[in-house]
2 protein chains.
Amino acid sequence: MSRTLPHPTREQIELPLVLDCLSDPIRLAIVYQLAQQERVSSELRCGDFNGLSGKSNLTYHFAKLRDCGLMQTRVAGTNRFMRLRRDDLEARFPGLLDAVLKSAAKDAEKLKLAPVCDVVEAG
Amino acid sequence: MSRTLPHPTREQIELPLVLDCLSDPIRLAIVYQLAQQERVSSELRCGDFNGLSGKSNLTYHFAKLRDCGLMQTRVAGTNRFMRLRRDDLEARFPGLLDAVLKSAAKDAEKLKLAPVCDVVEAG
DNA sequence: CCTTATGTTCAATGATTATTGAACTATCGA
DNA sequence: TCGATAGTTCAATAATCATTGAACATAAGG
């Protein structure tokens, strides 16, 4: 059916919604994992997050992340590819996403985040 | 009544709780106003926030802000003085509070935050 | 003492939230 | 065409949330 999903424009991204989205452990883990993977590929499929929760629950969280402007979803066949809206976030709220990701990285264990590799680099 | 209120230690401050606290417009306004005032005085009374909501609702939000470690409450007579736990936040999540405050400042109008130099003394 | 000003506690309410599973749609590959 | 794969939709649930007002507690000041 619809090949494109609704996303807010850069200007429509709002701080309380972004913070609320990031305050949920599952959504934070999604964003974190997305950020981790960015160097390899800017996109991940829904299925790459199946370890975090059930599929229908993930659909729910993906919608929230998309609605608040944190990530963009691209439909390709039966797959949905998602990426962080880094530039939009940075333009809108400079330094915010990095600060959150760095904070999350500090508590990676406690937050049960993907222990893949280091997300932070020295400034 | 107990003269001291319970606060989490620096190490007990957790990212999701902090983000969730900051995601509420009223609480964000409280934190913002507290940050604005910091150069003049590090503390504000509960009553200084009466413009944001009713007293009992503010008590509720103050408790959330205190419980998550964002602010500290000091009891003095019939007054409660509150301040931002800037150093603890900075130690725990470097750059996070500043990024949020800067982001909030960008949307000050939209978020109906107190104008910079305008500290209301009604009465 | 009494009054006033400060802020809390409590109960009730309506709204939102995260989660689950079953049923469903749509696409790809053999 | 058939069957497997990827993900959504829907309804139901339990939990938490923000908000309100009334009643309460405490301290300061006359």
Side-chain angles (χ1 to χ4, degrees), chain A residues 1-7 14 16-31 33-34 43-68 70-83 111-112, chain B residues 1-7 14 16-31 33-34 43-68 70-83 111-112 120-123:
Chain A
M1 291 284 290
S2 63
R3 302 231 128 254
T4 63
L5 280 58
H7 294 81
E14 293 187 23
L17 295 181
V18 168
L19 294 176
D20 183 58
C21 251
L22 294 170
S23 75
D24 180 272
I26 289 187
R27 289 193 295 264
L28 184 59
I30 292 170
V31 168
Q33 193 166 329
L34 231 23
E43 292 181 317
L44 281 177
R45 294 177 315 136
C46 291
D48 292 322
F49 303 93
N50 282 340
L52 295 174
S53 185
K55 285 164 83 173
S56 66
N57 192 26
L58 285 178
T59 295
Y60 165 75
H61 286 301
F62 290 148
K64 291 219 114 187
L65 287 163
R66 194 171 56 239
D67 291 345
C68 87
L70 267 167
M71 61 178 223
Q72 171 134 134
T73 305
R74 178 174 66 86
V75 180
T78 64
N79 291 317
R80 259 80 168 166
F81 288 96
M82 25 215 32
R83 66 168 178 81
L111 297 172
K112 294 169 187 162
Chain B
M1 239 184 195
S2 60
R3 301 233 127 254
T4 61
L5 279 60
H7 295 79
E14 292 187 22
L17 295 181
V18 168
L19 295 176
D20 184 58
C21 251
L22 294 170
S23 75
D24 180 272
I26 289 187
R27 289 192 294 263
L28 183 59
I30 292 170
V31 168
Q33 192 166 329
L34 231 23
E43 291 181 318
L44 280 177
R45 295 177 316 137
C46 291
D48 293 322
F49 303 93
N50 282 340
L52 295 174
S53 184
K55 286 164 83 173
S56 65
N57 192 26
L58 285 179
T59 296
Y60 164 75
H61 287 300
F62 290 148
K64 292 219 114 187
L65 287 162
R66 194 170 56 238
D67 291 346
C68 87
L70 267 166
M71 61 178 223
Q72 171 132 137
T73 305
R74 178 174 66 87
V75 180
T78 65
N79 291 315
R80 258 81 167 166
F81 287 95
M82 26 215 31
R83 65 169 180 81
L111 298 172
K112 293 169 185 161
V120 181
E121 196 74 25

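Values reported hereafter were calculated over all heavy atoms of this structure, with side chains retained and with hydrogens, waters and symmetry mates removed. Residue numbers begin at 1 in each chain, while the letters A, B, ... track the order of the sequences.
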Take the protein atom [atom1] of [X] and the nucleotide atom [atom2] of [N], then report the distance between them rounded to whole Å.
X	N	atom1	atom2	answer
B:Lys55	D:dA23	NZ	C1'	13 Å
A:His61	C:dT19	NE2	C1'	8 Å
B:Asp48	C:dG7	CG	C1'	13 Å
B:Arg74	C:dG7	CZ	P	12 Å
B:Asp67	C:dT8	CG	C1'	14 Å
B:Leu65	C:dT8	CG	P	12 Å
B:Arg45	C:dT6	CZ	P	6 Å
B:Asp24	D:dT16	CG	P	18 Å

Subject >> Salt bridge A:Lys64-A:Asp67, side-chain N to carboxylate O under 4.0 Å >> reply: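 Salt bridge: no.
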Considering only heavy atoms from C-beta outward, does the side chain of [X] approach that of [Y] to under 4.5 Å?
X	Y	answer
A:Ile26	A:Phe49	no
A:Gln72	A:Arg66	no
A:Lys55	A:Asn57	no

Measuring from the side chain of [X] (C-beta onward, heavy atoms only), which nucleotide among [options] has the closest atom?
X	options	result
B:Cys46	D:dG7, C:dT17, C:dT8	C:dT8
A:Lys64	C:dT17, D:dT19, D:dC17	C:dT17
B:Ser56	C:dT19, D:dG21, C:dG21	D:dG21

Original post:
Is there a donor N/O on one and an acceptor N/O on the other, under 3.5 Å, for the side chain of A:Thr78 and the base of D:dG7?
Top reply: no
Original post:
When all nucleic acid strands are considered with a 4.0 Å heavy-atom cut-off, which category describes A:Asn79: base, sugar-phosphate, or nothing?
Top reply: sugar-phosphate
**OP:** Classify the nucleic acid contact of A:Leu58 as base, sugar-phosphate or nothing, counting any heavy atom under 4.0 Å across all strands shown.
**Re:**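 Here A:Leu58 touches no strand at all.
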Original post:
Mapping A:Thr59 and B:Ser53 to their closest nucleotides on DNA chain D, which lands nearer the 5' end?
Top reply: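 Checking each residue's closest nucleotide, the 5'-ward one belongs to A:Thr59.
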Original post:
Do A:Gln33 side-chain atoms and A:Leu44 backbone N/O form a donor-acceptor pair below 3.5 Å?
Top reply: no
Original post:
Where each residue is assigned the nucleotide of DNA chain C containing its nearest heavy atom, which of A:Arg27 and B:Arg66 is assigned the position nearer the 5′ end?
Top reply: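 Upstream on the strand: B:Arg66.
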